[in-house]
Asker: 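Pasting a structure below so you can have a look.
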Amino acid sequence: MAQGKKGQGNGTLLVTTGRKPDWTGHHGTSTVVNPPVWRASTHLYPNCASLKDGTNHNEDGRFFYGRRGAPTQWALSDALTALEPGAAGTVLYPSGVAAIAGALMSVLAPGDVLLVTDNAYEPSRTMGLGILKHFGIETRFFDPLDVASFSQQFCQRTKAVLLESPGSLTMEVQDIPALSAIARAKGAVTLMDNTWATSLGFPPLERGCDISIMALTKHVGGHSDLIMGSASAREPLYRKLRQTAQALGHVVSPDDAALALRGLRTMGIRLDRTSETALKVAHWLSDRPEVAHVLCPMLPGAPGHELWQRDFNGGCGLFSFVLKGRGPAARERFIDALELFGIGYSWGGFESLAIPIDPGRNRSSTTWPPAAWDPADNLGIRLSIGLEDSADLIADLEHGFAVMEQK
Ligand SMILES: *Cc1c(COP(=O)(O)O)cnc(C)c1O
């Protein structure tokens with residue numbers, strides 16, 4: 001049901017989608033630009049016959065009851081579907097984690113095995129080892145870069161694979177077309193956490209995946225003021241996602257949907273700008289004596305750059321780097337000295353952030369730092385680059401390094 005004419009560019013789509021006149025409050029021939037916030041639990045019917053008929057229709061755009069959303073949420077789903085090549089529809093969830101949980105619960109049953117990339121977002125890992133285990137689903141972790149042995153990870157019971165590229169914190173780029181082709185041949189559903197690139201930078205369904213998941217909290221929201229997630233798929237999986245979400249009572253508030261839709265309108269230019277600034281900062285860091293490795297897929301020569309260049313249409317401001325032989329106190333001095341970078345979780349907002357990362361705690365089929373590195377180079381920092389000027393961010397980092405070296 002998504003709008004958007006074939007062949008139009010993403011910039012145009014970002015502006016025009018999700019603005020059906022029915023949702024923007026048409027009055028005569030006039031409408032407003034944005035769908036208003038439709039606050040509703042009860043939807044009213046003209047008579048008992050139409051109340052009864054309501055149960056025969058279960059799709060966005062049909063009034064029924066607030067748990068199935070109303071025009072503000074439908075407009076957001078519609079826009080996300082238009083931007084996701086190959087998708088039949090998009091389900092919204094109260095957080096990115098809820099989207100991952102809702103999508104996994106749509107495709108898994110007790111006794112099944114789930115394969116999860118070893119560099120997955122930590123709560124995805126915890127979900128596998130915690131609640132999914134509790135419901136009789138076994139989670140196994142695989143090396144994100146080992147395509148050659150991937151097919152050996154499957155058994156009769158393997159029903160789904162959770163991919164994420166670049167992976168959380170350490171930013172390994174996976175060969176998604178190769179991994180998803182293997183999974184498909186084995187009869188498993190592939191889900192991809194595509195929060196980093198968004199559908200503008202990487203179209204998972206076109207690259208062989210079955211379900212494309214985003215934490216809208218990050219780039220779509222874009223202003224560090226909302227939590228939301230989405231999952232998009234073709235039929236018949238979209239139906240399954242929808243049924244599961246409704247069974248679990250997943251719904252998002254119309255206020256947050258309106259904020260997400262507002263964020264979406266400028267997502268393209270924000271991604272372009274933060275990618276450009278991140279690349280400048282990454283280049284600068286790669287020349288610093290305090291830095292051992294820059295883990296930024298957009299940086300020529302960085303790990304995963306070739307795959308990123310082959311498969312992605314864009315990037316974003318999120319990347320990590322590793323200090324050269326410094327200890328935890330030095331890392332803390334560095335981060336605490338930064339003035340333009342906030343210290344906090346999440347990313348993809350208009351403002352820059354920095355956090356210390358210790359990914360080794362969350363690995364089971366791979367090790368971090370990689371064996372090929374000097375083991376003294378093991379303390380990471382993740383940056384989320386915002387919309388500030390690159391020269392100011394670089395000056396702030398330079399000041400941080402100066403404070404770091406004062407013993
Ligand atoms: C933040 C994040 C999520 C979860 O999103 P929330 O809205 O915070 O639940 C999922 N995947 C990745 C890669 C993330 O960075």
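The chain is numbered in sequence order, starting from 1. Both ligands and their constituent atoms are indexed starting at 1 by order of listing.
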Asker: Kindly say whether Q152 contributes a backbone atom to a donor-acceptor pair with the side chain of S149 at under 3.5 angstrom?
Answerer: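 Looks like no, no N/O pair under 3.5 Å.
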Asker: Quick one: ligand 1 N/O to protein N/O pairs below 3.5 Å?
Answerer:
| from | atom 1 | to | atom 2 | distance (Å) |
| --- | --- | --- | --- | --- |
| ligand 1 | 7 (O) | G96 | N | 2.8 |
| ligand 1 | 7 (O) | T217 | OG1 | 2.5 |
| ligand 1 | 9 (O) | G96 | N | 3.1 |
| ligand 1 | 9 (O) | V97 | N | 2.9 |
| ligand 1 | 11 (N) | D193 | OD2 | 2.6 |
| ligand 1 | 15 (O) | K218 | NZ | 2.8 |
| ligand 1 | 15 (O) | W347 | NE1 | 2.9 |

Asker: Would you say the side-chain atoms of S390 and T277 include a donor-acceptor pair closer than 3.5 Å?
Answerer: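 The criterion, which ignores hydrogens and geometry beyond distance, is not satisfied for T277 and S390.
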Asker: Of all residues at least two apart in sequence or in a different chain, which pass the salt bridge (Lys or Arg N to Asp or Glu O under 4.0 Å) check with D358?
Answerer: R331
Asker: Among side-chain atoms of R363 and T170, is any donor-acceptor pair under 3.5 angstrom?
Answerer: yes
Asker: For T72, what residues pass the side chain to side chain donor-acceptor pair (under 3.5 Å) criterion, not counting sequence neighbours?
Answerer: none
Asker: Pair up each side-chain donor or acceptor in residues 396-404 with any protein partner under 3.5 Å, not counting sequence neighbours, and list the distances.
Answerer:
| from | atom 1 | to | atom 2 | distance (Å) |
| --- | --- | --- | --- | --- |
| D396 | OD1 | E339 | N | 2.9 |
| D396 | OD2 | E339 | N | 3.0 |
| D396 | OD2 | L340 | N | 2.6 |

